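These numbers were taken from a predicted model, which means no experiment stands behind them. The analysis underlying the following values was restricted to heavy atoms, covering all of them including side chains, and did not include hydrogens, waters or symmetry mates.
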Amino acid sequence: GTYDKEGKPNAMNAAWGGQWDMHEIIISLGSHQTTDNLKDNDELIEVKLTDGDRDVFLVTKYGQCIRFHESDVRCMGRTAFGVRGITLAEEDFIVGAGIYEEGKTLLSVTENGYGKRTELSAFLKLDENGERTQPQSRGGKGMIAYGLTEKTGPVAGVQVVSGDEDLMAIENNGVIIRMRMMTPLFS
């Protein structure tokens, strides 16, 4: 479900400049409501429904990813500014967000058409025994999700996927490419 402990639906919002917040969803028919007060250069890029007990992912243009538990973000009103989800490098920004789902992977696609899927467990911190067990804390710099090169270009978008979906991409000239993602994961 996508409901909190009191039975109210929750949404996690990600903004371009690294802000992340959680709101109760207010169902409104026939009217437009402001969901965020955004800073001048920010824009809302992603809204995900959640049950209040999941890990969330934020991924940046320069290939950084942070995974933290949504309990690190308190529920706020619609007009709140939110909290820092990830510390961004200069000129970096969030290109996508995801919610942890068992058995799924993170698909990252670059501006030059390259893509890869990564196990979601790769974004856990290493413990003293060298095992990945805990999410990071929100507000950190994250870890490398995609090693970028001049050939790949920056990350254009991300999606949490199961691997049996079709991927559709639109080239700059308007050509649509559809391809089957392979279920086996090769990292």
Side-chain angles (χ1 to χ4, degrees), residues 1-4 9-23 25 35 43-73 82-86 88 92-126 132-148 152-170 177-187:
T2 57
Y3 298 89
D4 67 12
N10 282 329
M12 297 291 285
N13 300 340
W16 202 52
Q19 297 299 103
W20 186 254
D21 55 14
M22 183 165 62
H23 302 287
I25 295 176
T35 57
E43 63 183 70
L44 184 64
I45 58 152
E46 196 94 38
V47 176
K48 298 288 187 183
L49 292 176
T50 176
D51 62 7
D53 194 32
R54 302 275 187 97
D55 286 352
V56 296
F57 297 85
L58 299 177
V59 182
T60 74
K61 172 184 176 179
Y62 293 154
Q64 292 297 113
C65 176
I66 192 164
R67 174 182 176 174
F68 57 90
H69 196 272
E70 64 182 290
S71 63
D72 287 354
V73 181
V83 296
R84 181 177 307 276
I86 187 169
L88 297 169
D92 200 2
F93 56 87
I94 295 174
V95 295
I99 303 290
Y100 176 82
E101 294 182 55
E102 187 71 37
K104 296 203 173 184
T105 58
L106 184 71
L107 171 67
S108 303
V109 179
T110 68
E111 289 182 3
N112 292 343
Y114 290 87
K116 79 172 196 172
R117 289 176 43 217
T118 308
E119 293 283 354
L120 296 179
S121 61
F123 302 110
L124 293 171
K125 290 190 302 189
L126 293 173
R132 296 192 181 279
T133 58
Q134 295 294 317
Q136 302 159 65
S137 298
R138 71 163 182 81
K141 292 185 177 185
M143 54 184 60
I144 297 172
Y146 205 115
L148 302 177
T152 64
V155 176
V158 296
Q159 187 71 41
V160 175
V161 299
S162 62
D164 58 359
E165 302 96 335
D166 286 347
L167 172 66
M168 294 184 72
I170 303 173
I177 301 169
R178 179 179 174 176
M179 67 187 88
R180 189 96 178 125
M181 277 193 278
M182 298 187 156
T183 301
L185 178 64
F186 303 102
S187 292

Quiz item: Would you call Asp92-Lys61 a salt bridge at under 4.0 Å N-O?
Solution: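 A salt bridge is absent here (no side-chain N lies under 4.0 Å from a carboxylate O).
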Contact check, side chains of [X] and [Y], non-hydrogen atoms, under 4.5 Å:
{"X": "Ile66", "Y": "Phe123", "result": "no"}
{"X": "Ile94", "Y": "Val59", "result": "no"}
{"X": "Phe93", "Y": "Thr60", "result": "no"}

Rounded at 0.5 Å granularity, tell me how far [atom1] in [X] sits from [atom2] in [Y].
{"X": "Ser121", "Y": "Glu102", "atom1": "OG", "atom2": "CD", "result": "9.5 Å"}
{"X": "Leu148", "Y": "Tyr62", "atom1": "CG", "atom2": "OH", "result": "9.5 Å"}
{"X": "Tyr100", "Y": "Leu124", "atom1": "OH", "atom2": "CG", "result": "8.0 Å"}
{"X": "Gln134", "Y": "Lys125", "atom1": "CD", "atom2": "NZ", "result": "7.0 Å"}
{"X": "Met168", "Y": "Ile177", "atom1": "CE", "atom2": "CD1", "result": "10.0 Å"}
{"X": "Glu101", "Y": "Asp55", "atom1": "CD", "atom2": "CG", "result": "12.0 Å"}

Exercise. Using a cut-off of 6.0 Å, state whether more than 12 heavy atoms not belonging to Ile144 lie near its atom CD1.
Key: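 Not buried by this count: 12 neighbours or fewer within 6.0 Å.
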Quiz item: Is Arg178 atom CZ crowded by more than 12 heavy atoms from other residues, nucleotides or ligands, each under 6.0 Å away?
Solution: no
Quiz prompt | Derivation of the side-chain contact (heavy atoms from CB on, under 4.5 Å) call for Leu106 and Leu120 | solution = CA-CA 6 Å; Leu106 184 71; Leu120 296 179; 3.8 Å; yes
Quiz item: Per the side-chain contact (heavy atoms from CB on, under 4.5 Å) rule, which among Thr118, Leu167, Val160 passes with Leu107?
Solution: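 Passing option: Leu167.
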Would you confirm whether [X], through its side chain, and [Y], through its main-chain N or O, come within 3.5 Å as a donor-acceptor pair?
{"X": "Asp72", "Y": "Ser137", "answer": "no"}
{"X": "Thr110", "Y": "Thr152", "answer": "yes"}
{"X": "Arg54", "Y": "Ile99", "answer": "no"}
{"X": "Arg117", "Y": "Ser108", "answer": "no"}
{"X": "Lys116", "Y": "Ala145", "answer": "yes"}

Exercise. May I have all residue pairs that pass salt bridge (Lys or Arg N to Asp or Glu O under 4.0 Å) and include part of residues 132-147, sequence neighbours excluded?
Key: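 Passing the test, one end in residues 132-147: no pairs.
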Self-check item: Nearest atoms (heavy-atom pairs only) where Ala97 meets Leu58
Solution: CB-CD2, 3.8 Å
Exercise. Over all heavy atoms of both residues, which pair between Gly142 and Gln136 is shortest? Give the atoms and the distance, please.
Key: CA-OE1, 3.2 Å
Quiz item: For Glu111, which residues count as a salt bridge (charged side-chain N to carboxylate O under 4.0 Å, His left out) partner, sequence neighbours excluded?
Solution: none
